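What follows is a short report on a single structure.
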Amino acid sequence: MANDIRVRYAPSPTGLPHIGNIRTALFNWLFARHHGGKFIVRIEDTDRERLTPGAVEGILDGLEWLDIDWDEGPGVGGDYGPYFQSERLPRYQEAANRLIGQGDAYRCYCTRERLARARAEQERNKQAIGYDGYCRNLTDEQRRELEAEGTPSVVRFAMPDSGVTQLHDLIRDDVEWRNELVDDFVLIKSDGFPTYHLAVVTDDHLMRISHVLRAEEWLSSAPRHLQLYRALGYPPPLYGHLPMILGPDRAKLSKRHGATSILEYRDDGYLPDALRNFMVLLGWSLDDKTEVMPIATMLENFTLDRVGKPAAIFDREKLSWMNGVYIRGMDAEELADAMLPHLNRDLPAELLPVDRDYLLRIAPLVRERLKLVSESADMTAYFFEEQPEYDPANLVQRGMTQEETAAALRNTAENLATADFAAPVLEELLRAASEELGLTPRRFFGTLRWAVTGRNVSPPLFETMEVLGRERVAPRLQAAIDRLSGNSGAG
RNA sequence: GGCGCAUUCGUCUAGCGGCCCAGGACACCGCCCUCUCAAGGCGGAGAUCAGGGGUUCGAAUCCCCUAUGCGCUACCA
């Protein structure tokens, strides 16, 4: 039975997928992998007007970035293709014709104007809004006439006007709708393309989809789909409607909520593993305390009974925290590789290319300070710069005089002229100097930090100096001395 | 307006009748560590379990009503 499990992610290339979208893909993928089933990707490109160039590539890139692989679909093929709905038109046409022949569907010649008027009328009268069934009872003669005139038409499904449609949802249990309250929805648009409803039912059947896991926004469509299955004589799949993901304003996620595309998260410095871990927690939980977990744990434990019902609000702060957790869990190689693309993008061109061996030594120093990999350039620029820019006034720490500061710098320059540039050695040396100079470590190291990094915040001083090396530290100390005594215009 | 779904700390959540006068995490506050910033450790504040009725010896957990939020209500998905 497990091997019959086939689920799909069926994005519409009308834009780039956002978090909610990808979360649905993630859940389907986890479900398939957990049960040893198949995960299929199908592109629902039936809306020619909203088709967005590059969207398919963006969707696929996003999945790949997150390491979500598919068994059938674009690029990999499969036994039930094609996997683009725009290449499957005859199948929908055939289904629609069959339904018309059976009396379960009919051609509708209503103009958009008439539809709009009817809707406005319904709104005015506070009636249920929906297609009024005008064309449902056209006589054969009327239809022949309309056809002869070449009137454009759509195909509508004839919903039963009595009875109820019941769904046993895998996540929401039993839900039912009175059929008379569901209107005759469109199956085939006037351009000959199917609507989502017809296409999804036809393809899920043809592709042997066993479980449909989709966002809750589709719950209202379930009775339509169930009725279509009935009319077509197909056994329906099992449904599970996943909780939605809302923006901070509690509204459905959209462009207004910042980063829309999953790929933007990559550019913003999030790690795929962190994002995936964060997303799995949006509507699913392992237990009462485990949040950070490797993919293997998710795979092993992902079951629908642990998927929740309430919609979740997407909290970027927690995502950032988790990203930091993942960054801290990387070794120097991994972190360096993650930082490199951001450095190449953000560092001034003259500082490129970055020496990877050097980066390998820098990475551990910033590891526990990075929340986003995109902060790499900001946080490490002074490692690459010839001479960091800063206001010399910063060298003089609160409670120190300019003379003291200059003396401290000169002392250090001398001290380090021949010193072994290893953190423990530097620390011993400089702590002793701090005492000799009668300066608190806070002040003394504060001055040195400015001189060496050009900042008031950096990784631990001695480690930083070790990585920078004498060849970079010595000139910076000299520059600081010069700046302090006004001997140099630099600054 | 109609239909549907949902409702536990600000947020993500644990809880599927007694272990809960509700546990964990993010964020927040304090202390410790400390050369700065982080990270880390410890502690704190924060939820009358939306409200009201039931059922039960016993309810966050089951039922009903109300309220609120969200979704759908397109020849979009």
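Only heavy atoms go into these numbers, but all of them, side chains included; no hydrogens, no water, no symmetry mates. As the structure is a computational prediction, the values presented were derived from the model and not from experiment. Labels below follow one simple rule: chain letters A, B, ... track the order of the sequence lines, proteins then strands, and each chain is numbered from 1.
Of the charged side-chain nitrogens involved, at least one lies within less than 4.0 Å of a carboxylate oxygen, so that A:Glu44 and A:Arg42 count as a salt-bridged pair. Checked for salt-bridge contact, A:Arg88 and A:Asp45 miss the test: no charged N lies under 4.0 Å from a carboxylate O.
Taking 4.5 Å as the limit, every side-chain heavy atom of A:Arg306 sits out of range of all side-chain heavy atoms of A:Asn301.
Candidate nucleotides B:rC35, B:rA27, B:rA25 were compared by shortest atom distance to the side chain of A:Glu317, and B:rA27 ranks first. In the set B:rC72, B:rC26, B:rG4, the nucleotide with an atom closest to the side chain of A:Ser220 is B:rC72. Listed nucleotides: B:rA27, B:rG71, B:rA74. Nearest to the side chain of A:Lys371: B:rA27. In this structure, the nucleotide among B:rA74, B:rC26, B:rA77 sitting nearest to the side chain of A:Asp315 is B:rC26. Relative to the side chain of A:Leu115, the nucleotides B:rC12, B:rC72, B:rC75 differ in distance, and B:rC75 lies closest. Among the nucleotides B:rG1, B:rA25, B:rU13, the one closest to the side chain of A:Lys318 is B:rA25. Residue A:Leu246 places its side chain closer to B:rC70 than to any other of B:rC76, B:rC70, B:rC75. The listed nucleotides are B:rA77, B:rG10, B:rG2; the one nearest the side chain of A:Leu181 is B:rG2. Relative to the side chain of A:Ala312, the nucleotides B:rA77, B:rG2, B:rC12 differ in distance, and B:rC12 lies closest.
Contact annotation for A:Glu427: no contact, since no heavy-atom pair falls under 4.0 Å across all strands. Residue A:Pro17 is classed as having no contact, given no heavy-atom separation below 4.0 Å to the nucleic acid. A:Thr46 comes within 4.0 angstrom of the backbone, heavy atoms only, and of no base. Across all strands, A:Val186 comes closer than 4.0 Å only to sugar-phosphate atoms, never to a base (heavy-atom distances). Among the heavy atoms of the strands lying under 4.0 Å from A:Pro459 is at least one base atom, whether or not backbone atoms are also near. Using a 4.0 Å heavy-atom distance criterion, A:Leu282 is classed as a sugar-phosphate-only contact. Residue A:Leu461 is classed as a base contact, given a heavy-atom separation below 4.0 Å to a base. Among the protein residues, A:Met244 comes within range of the sugar-phosphate backbone only, with heavy atoms under 4.0 Å from sugar or phosphate atoms but none that close to a base. Residue contacts shown for A:Pro310 are limited to sugar-phosphate atoms, with no base heavy atom under 4.0 Å away. Using a 4.0 Å heavy-atom distance criterion, A:Ile129 is classed as a base contact. Residue A:Ser12 is in sugar-phosphate contact alone, with no base atom involved, counting any heavy-atom pair closer than 4.0 Å across all strands shown. Within the nucleic acid shown, A:Cys110 comes within 4.0 Å of at least one base atom, counting heavy atoms only. At the heavy-atom level, A:Arg214 lies nowhere under 4.0 Å from the strands shown. Here A:Phe314 lies out of heavy-atom contact (under 4.0 Å) with every strand.
Taking the six-membered ring where the residue is Trp, the centroids of A:Phe278 and A:Phe314 are separated by under 6.0 Å. Checked against the 6.0 Å centroid criterion, the rings of A:Phe462 and A:Phe445 qualify as a close aromatic pair. Aromatic ring centres of A:Tyr106 and A:Phe157 lie farther apart than the 6.0 Å criterion allows. For an aromatic pair to be called close, the ring centres must be under 6.0 Å apart, and A:Trp70 with A:Tyr9 fails this.
In terms of phosphate contacts, A:Arg442 brings a side-chain nitrogen or oxygen within less than 4.0 Å of OP1 or OP2 of B:rU36. Distances shown here put a side-chain N or O of A:Arg328 below 4.0 Å from the OP1 or OP2 atom of B:rG40. Side-chain N/O atoms of A:Arg156 include one lying less than 4.0 angstrom from OP1 or OP2 on B:rC75. Listed pair A:Thr14 / B:rC76 fails the phosphate criterion, with no side-chain N or O lying under 4.0 Å from OP1 or OP2. In terms of phosphate contacts, A:Lys189 brings no side-chain nitrogen or oxygen within less than 4.0 Å of OP1 or OP2 of B:rA74. Side-chain nitrogen and oxygen atoms of A:Arg178 include none within less than 4.0 Å of the OP1 or OP2 phosphate oxygen of B:rC3. Considering only side-chain N and O atoms, A:Lys289 lies nowhere under 4.0 angstrom from the phosphate OP1 or OP2 of B:rA25. Contact between the side-chain N/O atoms of A:Arg369 and the OP1/OP2 oxygens of B:rG40 is not found at any separation under 4.0 Å. At the phosphate of B:rC35, neither OP1 nor OP2 sits under 4.0 Å from any side-chain N or O atom of A:Ser434.
A distance of about 47 Å separates the C1' atoms of B:rA39 and B:rC62, rounded to the whole Å. Atom name C1', nucleotides B:rC29 and B:rC65: the rounded distance is 42 Å, in whole Å. Across B:rG23 and B:rA6, the matching C1' atoms stand 23 Å from one another, rounded to whole Å. Nucleotides B:rG18 and B:rU13, compared at atom C1', are 23 Å apart to the nearest Å. Straight-line distance between the C1' atoms of B:rC16 and B:rU61: roughly 7 Å, to the nearest whole Å. Annotation: B:rG46 and B:rG10 have their C1' atoms spaced 9 Å apart (nearest Å). Comparing B:rC9 with B:rG52, their P atoms sit 16 Å apart, to the nearest whole Å. B:rG71 sits 14 Å from B:rA77 when the C1' atoms are compared, rounded to a whole Å.
Pair assignment for B:rC62 gives B:rG54, based on Watson-Crick or G-U wobble hydrogen-bonding distances that are each under 3.5 Å. Pair assignment for B:rA25: B:rU11, on the basis of Watson-Crick or G-U wobble contacts that are both within less than 3.5 Å. Across the strands present, B:rG71 finds its partner in B:rC3; the criterion is a Watson-Crick or G-U wobble pair with both atom distances under 3.5 angstrom. Using Watson-Crick or G-U wobble geometry with both donor-acceptor distances under 3.5 Å, B:rG46 finds no partner in any strand shown. Both distances falling under 3.5 Å, in either a Watson-Crick or a G-U wobble arrangement, occur for no nucleotide opposite B:rC20.
Atom CD in A:Glu113 sits about 12 Å away from atom C1' in B:rC75, given to the nearest Å. Summarising the geometry, the separation between CH2 on A:Trp218 and P on B:rC72 is reported as 9 Å, rounded to the nearest angstrom.
Summary of the strand contacts: A:Trp321 and A:Ile313 both lie near RNA chain B, and taking for each the nucleotide with the nearest heavy atom, the more 5' one is attributed to A:Ile313.
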Are A:Phe31 and A:His211 close enough, and set up right, to give a ring-ring contact (aromatic ring centres under 6.0 Å, His included), and what steps lead you there? CA-CA 9 Å; A:Phe31 182 78; A:His211 296 67; 4.9 Å; yes
From CA spacing to verdict: ring-ring contact (aromatic ring centres under 6.0 Å, His included), A:Phe27, A:Phe302: CA-CA 8 Å; A:Phe27 277 25; A:Phe302 188 86; 5.0 Å; yes
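Cation-pi contact between A:Arg114 and A:Tyr134: present, with separation from the ring centre below 6.0 Å and deviation from the ring axis of at most 45°.
No hydrogens or angles were tested; on distance alone, nothing pairs the side chain of A:Glu368 with the base of B:rG40 as donor and acceptor under 3.5 Å. For A:Arg172 against B:rC5, a side-chain-to-base donor-acceptor contact under 3.5 Å is absent. In terms of polar N and O atoms assigned as donor or acceptor, the side chain of A:Arg250 never comes within less than 3.5 Å of the base of B:rC70 in a complementary pairing.
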